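A note on names: the letters A, B, ... follow the listed sequences, proteins ahead of strands, and every chain is numbered from 1. Worth saying up front: this structure is predicted, and the values here are computed from it rather than measured.
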Amino acid sequence: MTNPNGDYMIEIKKLNKWFGDLQALNNVDLTVQQGKVLVIIGPSGSGKSTLLRCINFLETPTNGEVRFMGNLLVENDKNLNNNRAEIGMVFQSFNLYAHLSILDNIILALRVVKKVDRKTAKEIAMIQLEKVGIADKANKMPLQISGGQQQRAAIARALAMQPKLMLFDEPTSALDPEMIKEVLDVMMLLVKEGITMVIVTHEMGFARAAADEVIFMDYGKIVERNTPDGLFKQPKSDRTKLFLSQILQNNQ
Amino acid sequence: MEKPDRRSFKERSIDFPWWMVIIGLLIIVTLLLIINTPTFNEAFITMRVGIITTITITLIAYGISLLIGLIVGLGRVSSRVVAKNTATFYIEVVRGIPMLVLIFFIALVIIPGVINFLGLMGEWFIGIGWVSVGEPLAGVNIRMVSMSFRAVIALSITYGAFSAEIFRAGIQSVHPGQMEAARSQGMSYGQAMRNVILPQAIRNMLPAIGNDFISMLKDSSLVSVLAVRDVTHLARLYAGGSFRFTEAYTTLAVLYLNMTVLLSLVVKYIERRTSTNDES
């Protein structure tokens, strides 16, 4: 992928992450262009979640560079918080603020980080809740609604900050099967809007439909990077072939 | 309409709080003794003022200890080396010394030491010509610091360590994903602590805070060794003067029991409220 303007949304160079003796990321280079959807697949323990979490420094890399819209991310830097405010993140376990209603979950960061007044924040929150289809749950507490609804609320919470980039860390892995579709539908809506997204997922059907590019990771390395058609139909490496065949067996 | 309880008497009697009935009877018997017996009555009237002293000292000292606990507890979970080690040092030192010894040490060694130091500072300021700063400092005298005040400080510092551990446990009881979500939205560590972690932590801590308050009410009796006129000190005075040990110490014990049983009912009520909130 060449980009004459060099305006990458994310630019990662020689990224390494060690957890004690375990190397989770091994010299990873990765770029994501604005407006593109990148899906990361791979077996568990392959470092795909760690890579995602390094993009907004929830995990501090051992060494290497991460640039977001040209800004180099540095730990304990004031700009890090500003950059994070522009990167929405959706977690596997939703992580809605347990002591706040769905509405207040969305309002909190708008008020604390963006200093939006309560009335405006509420309007923004309701627009996002409409969008993900749970406006009627605004005054519920997180544990009073279903997992799928919680995850959609978490997406609304991230969208309310008007992020330039959305990160999804296995957003459907903690959901009951019948709730996966409602979350994927919301994500598909975002894909159509053209927001830049990086998604770690095991939903191969979604990856095929949504992704501009798919990367396969194993042992902390990017093994293969291709278009969804290319990667799923003609995987080049043996490890990719093995992984895909195992996934497909499980799905049948 | 409630369903009729079909359990046998024996089954129901297992759950029934008989102990509370017995405590209630004990309290009533003692109250009757206080009302009807002149010697018990005299003992109670002597100790009455001390109840207010005990409650006041406990309330103020517990308030301060919660403040210390919050700050030290935050230090304990901090990733900064100095903050973490200072907090742990304080907690380990306080927990490693008997409370009685610690109260003597703080009231009779640390606080006079600090006062002496302030006096020396004052003289030094006068020496370099800063008379307006130096004179009030040099005028500070240990006799100006009452024993009640020293007792409050001693209790606060001691219980601050326990409160800090409650705060640490409370903060760590909140799922790490909550902090991650807050940080991922661009909140600073402090903003996330204030708006996301502490509100949840404090709710989890409420029963422990209540129990700690009850412990402090009981341990406040230790300040009687500093001649603070709390209820224990007055009971000792009365017993020593009249040789009516039975009256003095029975009344004293029941007074404490009264206060702690009432408080523990409050704590149980809070416990039930917070746990039902979780289910809804």
Peer 1: Using non-hydrogen atoms only, which part of Leu58(A) is less than 4.5 Å away from chain B: side chain, backbone, both, or neither?
Peer 2: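 Leu58(A) touches chain B through side-chain heavy atoms alone.
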Peer 1: Could you tell me which of Ser184(B), Ser188(B), Pro176(B) has the largest number of non-hydrogen atom pairs under 4.5 Å with chain A?
Peer 2: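 Top count of heavy-atom pairs under 4.5 Å with chain A: Ser184(B).
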Peer 1: So which of Ala98(A), Ser93(A), Gly88(A) has the largest heavy-atom pair count under 4.5 angstrom toward chain B?
Peer 2: Ala98(A)
Peer 1: Taking side chain as everything from C-beta outward and backbone as N, CA, C, O, which of these in Leu167(A) sits under 4.5 Å from a heavy atom of chain B? Side chain, backbone, both or neither.
Peer 2: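 Answer is neither: Leu167(A) stays 4.5 Å or more from chain B.
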Peer 1: Please check if atom CZ in Phe19(A) has more than 12 non-hydrogen atoms from other residues, nucleotides or ligands closer than 6.0 Å.
Peer 2: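 Yes - once you tally the heavy atoms of other residues, nucleotides and ligands closer than 6.0 Å, there are more than 12.
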Peer 1: If I take atom CG from residue Leu80(A) and atom CZ from residue Arg183(B), how far apart are they, to the nearest 0.5 angstrom?
Peer 2: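 The CZ atom of Arg183(B) is 7.0 Å from CG of Leu80(A), to the nearest 0.5 Å.
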Peer 1: Please indicate whether Lys114(A) has more than 12 foreign heavy atoms, meaning atoms of other residues, nucleotides or ligands, lying under 6.0 Å from its NZ.
Peer 2: yes
Peer 1: Taking all non-hydrogen atoms of both residues into account, name the closest pair between Asn195(B) and His99(A) and its distance.
Peer 2: O-NE2, 3.0 Å
Peer 1: Is the count of non-hydrogen atoms from other residues, nucleotides or ligands lying under 6.0 Å from Gln162(A) atom CD greater than 12?
Peer 2: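 Atom CD in Gln162(A) is not packed in, count stays at 12 or less.
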Peer 1: Can you confirm whether Met187(B) sits close enough to Asn81(A) that some side-chain heavy atom of one is under 4.5 Å from a side-chain heavy atom of the other?
Peer 2: no
Peer 1: Quick check on Val113(A) against chain B: is it the side chain, the backbone, both or neither that has a heavy atom closer than 4.5 Å?
Peer 2: side chain
Peer 1: Answer yes or no: are there more than 12 heavy-atom neighbours, outside Phe9(B) itself, under 6.0 Å from its atom CZ?
Peer 2: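 Incorrect, the count does not exceed 12.
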Peer 1: Out of Gln92(A), Arg157(A), Glu86(A), Met89(A), which one racks up the most heavy-atom pairs below 4.5 Å with chain B?
Peer 2: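 Top option by heavy-atom pairs under 4.5 Å: Arg157(A).
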Peer 1: Checking Ala192(B) against chain A: side chain, backbone, both or neither under 4.5 Å from a heavy atom?
Peer 2: neither
Peer 1: Ignoring hydrogens, what is the shortest heavy-atom contact between Gln185(B) and Tyr97(A)? Give both atom names and the distance.
Peer 2: OE1-OH, 2.7 Å
Peer 1: Does OH in Tyr90(B) sit with more than 12 non-hydrogen atoms of other residues, nucleotides or ligands closer than 6.0 Å?
Peer 2: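 Yes, because the 6.0 Å sphere around OH of Tyr90(B) holds more than 12 heavy atoms from other groups.
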